[in-house]
Amino acid sequence: MKRIILMMLRNIFFLPYAWIKLCRYAKHADDYTDEERYELLQYIDGKANKGGRINIEVHGVENIPKENGFMFFPNHQGLYDVLAIIQASPIPFSVVMKKELQNIPGLKQVFKCMKALAIDREDIKQSMKVIHQVTEEVKNGHNYLIFAEGTRTKNPNAVGEFKGGSFKSAIKAKCPIVPVVLIDAYKAFDTHSIKPLTVQVHFLEPMTYEMYGQMKSNEIASLVKRRIEKVIAENE
């Protein structure tokens, strides 16, 4: 919370402009291309990071597929995670979020700009509908991000269980899976520090459908989790 306040204070004159424009883009998302909306998010995100004394250290951008229609699967550390990946990825993407996040001021507008989908994990029918929608979107050349852990880990830089069901959309779409590693992202919003912070974002080599197509969803989940844990262990 302290860092969010710092971001706002150090962008006090930029904030009204950013808020008005973000709300306009969020309300009329269909009037703008994915690239236009993403460019705005990256611009605002960059200003916020500078104000909040956050540096994003990016590794493996060359691993992001050149063709659209892929899925990011990062570890989940906190509320800042998506903002870190927005700053790191030059390619627009959308996100599947928990329904509880869709009305948080600020994040609500960001998610609307991204045309994010809200999932209710307690409602199987609704969850299946979202999985089908993501599958079709990815087949049509859109990129998505899913947190396979389902919730933030309470053990910093540790990785929780990756749920096999989170990979069903990728399997059905037969799309590249890109594991993404977040290191120290939790320190941005989930601690009380405002010290200068470096957040690492690592894009790992993508897994093509030919690599995972014969695997069960739980096996895919375990493999992605192990790859992420290895990079965390090497870079903490």
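Start at 1 with the first residue, then count along the sequence.
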Does any non-hydrogen side-chain atom of Tyr38 lie less than 4.5 Å from one of Ile91? no
Measure across Ala29 and Lys115 and return the closest heavy-atom pair with its distance rounded to 0.1 Å. CB-CE, 4.0 Å
Assess whether atom NZ of Lys172 is packed by more than 12 heavy atoms of other residues, nucleotides or ligands within 6.0 Å. no
Gap separating the CE atom of Met8 from the CD1 atom of Ile4, nearest 0.5 angstrom: 8.5 Å
Spacing of CG belonging to Asp184 relative to OG1 belonging to Thr198, to within rounding of 0.5 Å: 8.5 Å
Could you state the interatomic distance from NZ (Lys216) to OG (Ser222), rounded to the nearest 0.5 Å? 12.0 Å
Exam field: side chain Asp45 to backbone Leu41, donor-acceptor pair closer than 3.5 Å: no
Tell me whether Gln42 contacts the main-chain N or O of Pro92 through its side chain, where contact means a donor paired with an acceptor under 3.5 Å. no
Do you reckon Phe189 sits in the same ILVMFWY cluster as Leu6, going by side-chain contacts under 4.5 Å, direct or chained? no
Are side-chain heavy atoms of Ser169 and Val138 found at a separation under 4.5 Å? no
Could you grab the distance from atom OG of Ser193 to atom NZ of Lys2, nearest 0.5 Å is fine? 8.5 Å
Among Phe111, Trp19, Tyr32, Tyr43, which residue satisfies the ring pair (Phe, Tyr, Trp, His ring centres under 6.0 Å) criterion with Tyr25? Tyr32
Just wondering, more than 12 heavy atoms not from Lys98 lying within 6.0 Å of its NZ? yes
Is it the case that over 12 heavy atoms from other parts of the model lie below 6.0 angstrom from the CD atom of Glu39? no
More than 12 heavy atoms of other residues, nucleotides or ligands under 6.0 Å from CD of Glu205: is that the case? no
Within a strict 4.5 Å, meaning less than it, do heavy atoms of the Met7 and Ile54 side chains meet? yes
Please work out whether the ring planes of Tyr212 and Tyr209 are parallel, tilted or perpendicular, with thresholds of 30° and 60°. perpendicular
As an exercise, state the distance from CZ of Phe203 to CZ of Phe72, rounded to the nearest 0.5 Å. 4.5 Å
If you compare all heavy atoms of Asp81 against all heavy atoms of Ala185, which two are closest, and at what distance to 0.1 Å? OD1-CB, 3.4 Å
With sequence neighbours left out, write down each residue that passes salt bridge (charged side-chain N to carboxylate O under 4.0 Å, His left out) with Lys225, or none if nothing qualifies. Glu229
Using the side chain to side chain contact (heavy atoms under 4.5 Å, CB included) rule, take Leu223 and Phe162 through it: C-alpha gap first, then chi angles, then the decisive distance, then the call. CA-CA 9 Å; Leu223 177 57; Phe162 271 40; over 6 Å; no
Quick check: do His202 and Ile183 have side-chain heavy atoms less than 4.5 Å from each other? yes
State, to 0.1 Å, how close Leu182 and Gln77 come at their nearest heavy-atom pair, and which atoms those are. O-NE2, 3.4 Å
Does the side chain of Glu149 reach to within under 4.5 Å of the side chain of Asn75, using non-hydrogen atoms? yes
Between the main-chain N or O of Met114 and the side-chain N or O of Ser94, is there a donor-acceptor pair closer than 3.5 Å? yes
Looking at Asp34 and Arg37, is there a salt bridge between them, counting it only when a charged N and a carboxylate O are closer than 4.0 Å? yes
Judged by atom type as modelled, is there a donor-acceptor pair below 3.5 Å linking the side chain of Gln87 to the main-chain atoms of Ile56? no
Intermediate values then yes/no, side chain to side chain contact (heavy atoms under 4.5 Å, CB included), Leu197 and Arg3: CA-CA 10 Å; Leu197 170 64; Arg3 198 177 300 272; 4.0 Å; yes
Side chain of Asn143, backbone of Gly69: donor and acceptor closer than 3.5 Å? yes
What's the separation between atom NE2 in His142 and atom OH in Tyr144, rounded to the nearest 0.5 Å? 7.5 Å
How about Lys174: does its NZ atom have over 12 heavy atoms from other parts shown lying under 6.0 Å from it? no
Atom of Glu36, atom of Asp31 and distance for their closest heavy-atom approach: OE1-O, 4.4 Å
Would you kindly confirm whether Tyr186 and Leu79 end up in one hydrophobic cluster when ILVMFWY residues are joined by side chain heavy atoms under 4.5 Å apart? no
More than 12 heavy atoms of other residues, nucleotides or ligands under 6.0 Å from CE of Met215: yes or no? yes
Taking atom CD as the centre, does Glu234 end up with more than 12 heavy-atom neighbours from other residues, nucleotides or ligands that are less than 6.0 angstrom away? yes
Begin from the C-alpha positions of Phe70 and Phe93 and carry the test side chain to side chain contact (heavy atoms under 4.5 Å, CB included) through to its verdict. CA-CA 9 Å; Phe70 58 84; Phe93 63 92; 5.6 Å; no
Where do Phe167 and Asn218 land on the side chain to side chain contact (heavy atoms under 4.5 Å, CB included) test, with the steps shown first? CA-CA 9 Å; Phe167 292 86; Asn218 287 337; over 6 Å; no
List the atom of Ala118, the atom of Val130, and the distance in Å for their closest heavy-atom pair. O-CG2, 3.6 Å
So which heavy atom on Val224 is nearest to which on Pro179, and how close? CG1-CB, 4.0 Å
Mark yes or no for whether Arg53, through its side chain, and Ile194, through its backbone, hold a donor-acceptor pair below 3.5 Å. yes
Ignoring hydrogens and geometry beyond distance, is a side-chain donor-acceptor pair present between Tyr80 and Asn49 at under 3.5 Å? yes
Please say whether more than 12 non-hydrogen atoms of neighbouring residues, nucleotides or ligands are located less than 6.0 Å from CD in Gln214. no
